[in-house]
Every structure is written in C-alpha cells, then in structure tokens.
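Just below is one structure, and these are the notes that go with it.
On a predicted model such as this, the values are computed, not experimentally measured, just so you know. Chain letters run A, B, ... following the sequence lines, proteins first, then strands; residues in each count from 1.
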Amino acid sequence: AQSVAQPEDQVNVAEGNPLTVKCTYSVSGNPYLFWYVQYPNRGLQFLLKYITGDNLVKGSYGFEAEFNKSQTSFHLKKPSALVSDSALYFCAVRDSGDDKIIFGKGTRLHILP
Amino acid sequence: GAVVSQHPSWVICKSGTSVKIECRSLDFQATTMFWYRQFPKQSLMLMATSNEGSKATYEQGVEKDKFLINHASLTLSTLTVTSAHPEDSSFYICSARDGGHPQPQHFGDGTRLSIL
C-alpha cells in the first residue's frame with residue numbers, strides 16, 4: 001500500500017527567502033505525485049504533479065518540486081517566499097496501479113514579513 | 001478550467017436531521033468523484049469513491065447507510081449524511097478527476113457541517 005510522509009508540521013520562512021516543504025513517499029509501483037495547497041475553510045488547490053519525465057516539475061504560483069527516485073522524495077520548493085504563500089500544504093501520492101490518492105498529514109507554512 | 005463547485009459551504013442543523021451536500025464539475029465531465037472528511041488540523045480522510053451510474057465504493061470503517069452517495073450524472077455527485085449527530089460535524093470535501101489516470105483531482109471548496 002502506498003503512503004506519504006510530511007515530516008514537518010510547520011515551516012517558518014522569512015519573506016523573500018527560499019522555502020522547502022518536505023515529502024517522502026512509498027509505493028509498490030510507479031508513483032504519481034502531487035502537491036496541493038489549502039487556505040482556511042477552503043478546498044485544496046492543485047499546484048503541480050509528477051507523472052514521468054523531467055525530475056524538476058514547475059507548477060502554479062512559482063512553486064516547483066523535485067522528484068528524487070533514490071530518496072523517494074518529492075520536496076516542494078520556491079526560490080523567494082511571499083507572505084501570501086502562508087497556507088497548509090499537502091503532498092499526495094497515487095500508485096500507478098491504484099485509483100486512490102493518499103495524502104500526507106500536511107505542513108503549515110508561515111511566511112514571516 | 002477544471003472547476004468543482006460544492007454546495008452548501010456551511011450547514012448548521014439539529015441532531016437527527018439529514019443533510020445533502022452537492023458536488024458539481026462545472027466545465028468537465030467526471031466519471032469519478034471522491035468524498036473526503038477533514039478533521040481540524042488533520043489530513044483528508046477518503047470516505048468513498050463515487051462512480052457515475054454505479055454504487056459508490058466506501059473505505060473501511062465508513063458507514064454506507066450513514067453516508068449515502070449518489071452519482072447520477074457525469075457532473076453531479078451528492079453526499080447525504082443521514083440522521084446526523086454532533087460527532088458527524090466536520091469539514092467535508094469533494095473532488096473530481098478530469099479524465100482517467102493520472103490526471104490530478106480538482107477539489108470543491110468544502111462544506112462545514114455543524115450538528116447541534
């Protein structure tokens with residue numbers, strides 16, 4: 001069965017600094033990996049996905065993520081954080097042989113002005 | 001594109017009431033929709049997978065008679081919480097996939113259900 005881990009409950013970054021939100025995964029087949037963002041009392045917004053191809057994936061709002069097969073990681077990154085990036089971020093994985101997405105527990109990102 | 005609308009956003013009702021939540025894909029057809037429940041400061045818990053024209057597939061531990069799911073068309077799935085009680089209070093979120101594997105799911109804005 002697939003699983004995903006977000007080791008940090010909260011990440012604090014000063015505005016303008018680079019940010020990283022960590023994610024590691026476990027699947028039996030080929031992974032499909034996703035990042036979503038959630039603002040208070042809202043659903044999840046899709047940021048980016050990795051299916052195949054280039055390990056560096058670029059997504060919405062300047063975010064990108066790097067797929068690392070050997071480390072089974074898919075960390076979310078942004079070169080320069082904005083205060084408006086403050087939100088709850090979810091990493092998710094789906095096994096290529098399964099229909100269900102499994103979400104990590106989420107990481108709350110605080111961008112300090 | 002790929003907009004999912006969920007209605008209502010907020011529901012407050014008395015214990016014993018049944019509550020229906022609608023999930024619509026506005027600009028695409030969704031053969032599969034998903035219903036999640038999210039507790040405060042926790043991740044999303046998949047409740048069931050809703051397939052158009054067939055019975056929903058429920059996750060282990062989710063009562064199918066309590067949480068009735070209907071997916072009558074390619075753009076609409078409904079979740080009915082029957083005889084709701086305070087412990088059913090939660091944030092319910094639906095999602096729909098635009099196409100088959102491996103397209104991402106697109107989420108509604110959620111429904112906050114409060115049972116008094």
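A:F46 contributes atom CZ, which lies 11.0 Å from atom CD of B:Q105 (distance to the nearest 0.5 angstrom). Between the OG1 atom in B:T57 and the NZ atom in A:K100 there is a gap of 9.0 Å [rounded to 0.5 Å]. Remark: B:L46 CG to A:I101 CD1 distance equals 9.5 Å, nearest 0.5 Å. Note: A:R42 CZ to B:F91 CZ = 9.0 Å, rounded to the nearest 0.5 Å.
Residue B:Q38 touches chain A through its side chain alone, counting heavy-atom pairs closer than 4.5 Å. For A:F90, the part lying near chain B is the side chain, with the backbone staying farther off; criterion is any non-hydrogen pair under 4.5 Å. A:Y36 touches chain B through its side chain: at least one heavy atom from C-beta onward sits under 4.5 Å away, while N, CA, C and O do not. Residue contact with chain B, scored on non-hydrogen atoms closer than 4.5 Å, involves the backbone and the side chain of A:N41 alike. Heavy atoms of B:T32 lying under 4.5 Å from chain A belong exclusively to its side chain. Looking at A:Q6, there are no atoms closer than 4.5 Å to chain B (heavy atoms on both sides), in backbone or side chain.
The closest donor-acceptor contact from the side chain of B:S43 to the backbone of A:G104 lies under 3.5 Å.
Between A:F103 and B:Y36, the ring center distance clears the sub-6.0 Å criterion.
Follow the hydrophobic side-chain contacts under 4.5 Å out from A:F74 and you reach A:I102 in the same cluster. Following chains of ILVMFWY side-chain contacts shorter than 4.5 Å, one cannot reach A:L48 starting from B:F107, and the two form parts of different hydrophobic clusters. Residue A:L88 is not grouped with residue A:L19 when hydrophobic side chains (ILVMFWY) are merged at heavy-atom distances under 4.5 angstrom, including chains of intermediate members. No chain of hydrophobic side-chain contacts below 4.5 Å, direct or via other Ile, Leu, Val, Met, Phe, Trp or Tyr residues, connects A:L44 to B:L113. Note: the hydrophobic cluster containing B:M33 does not contain B:L74 (ILVMFWY, side chain heavy atoms under 4.5 Å, direct or indirect links).
A 6.0 Å sphere centred on NZ of B:K64 holds no more than 12 heavy atoms belonging to other residues, nucleotides or ligands. Within 6.0 Å of atom CG in A:N30, 12 or fewer heavy atoms from other residues, nucleotides or ligands are found, so the atom counts as exposed in its surroundings. Residue A:Y39 qualifies as enclosed at atom OH: its count of foreign heavy atoms under 6.0 Å is above 12. In B:I12, the CD1 atom is not crowded: 12 or fewer heavy atoms of neighbouring residues, nucleotides or ligands sit closer than 6.0 Å.
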**OP:** Show your reasoning for whether side-chain contact (heavy atoms from CB on, under 4.5 Å) applies to B:L44 and A:K105.
**Re:** CA-CA 8 Å; B:L44 280 72; A:K105 63 180 176 64; over 6 Å; no
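Residues B:I93 and A:Q38 meet the side-chain proximity criterion, which asks for heavy atoms closer than 4.5 Å.
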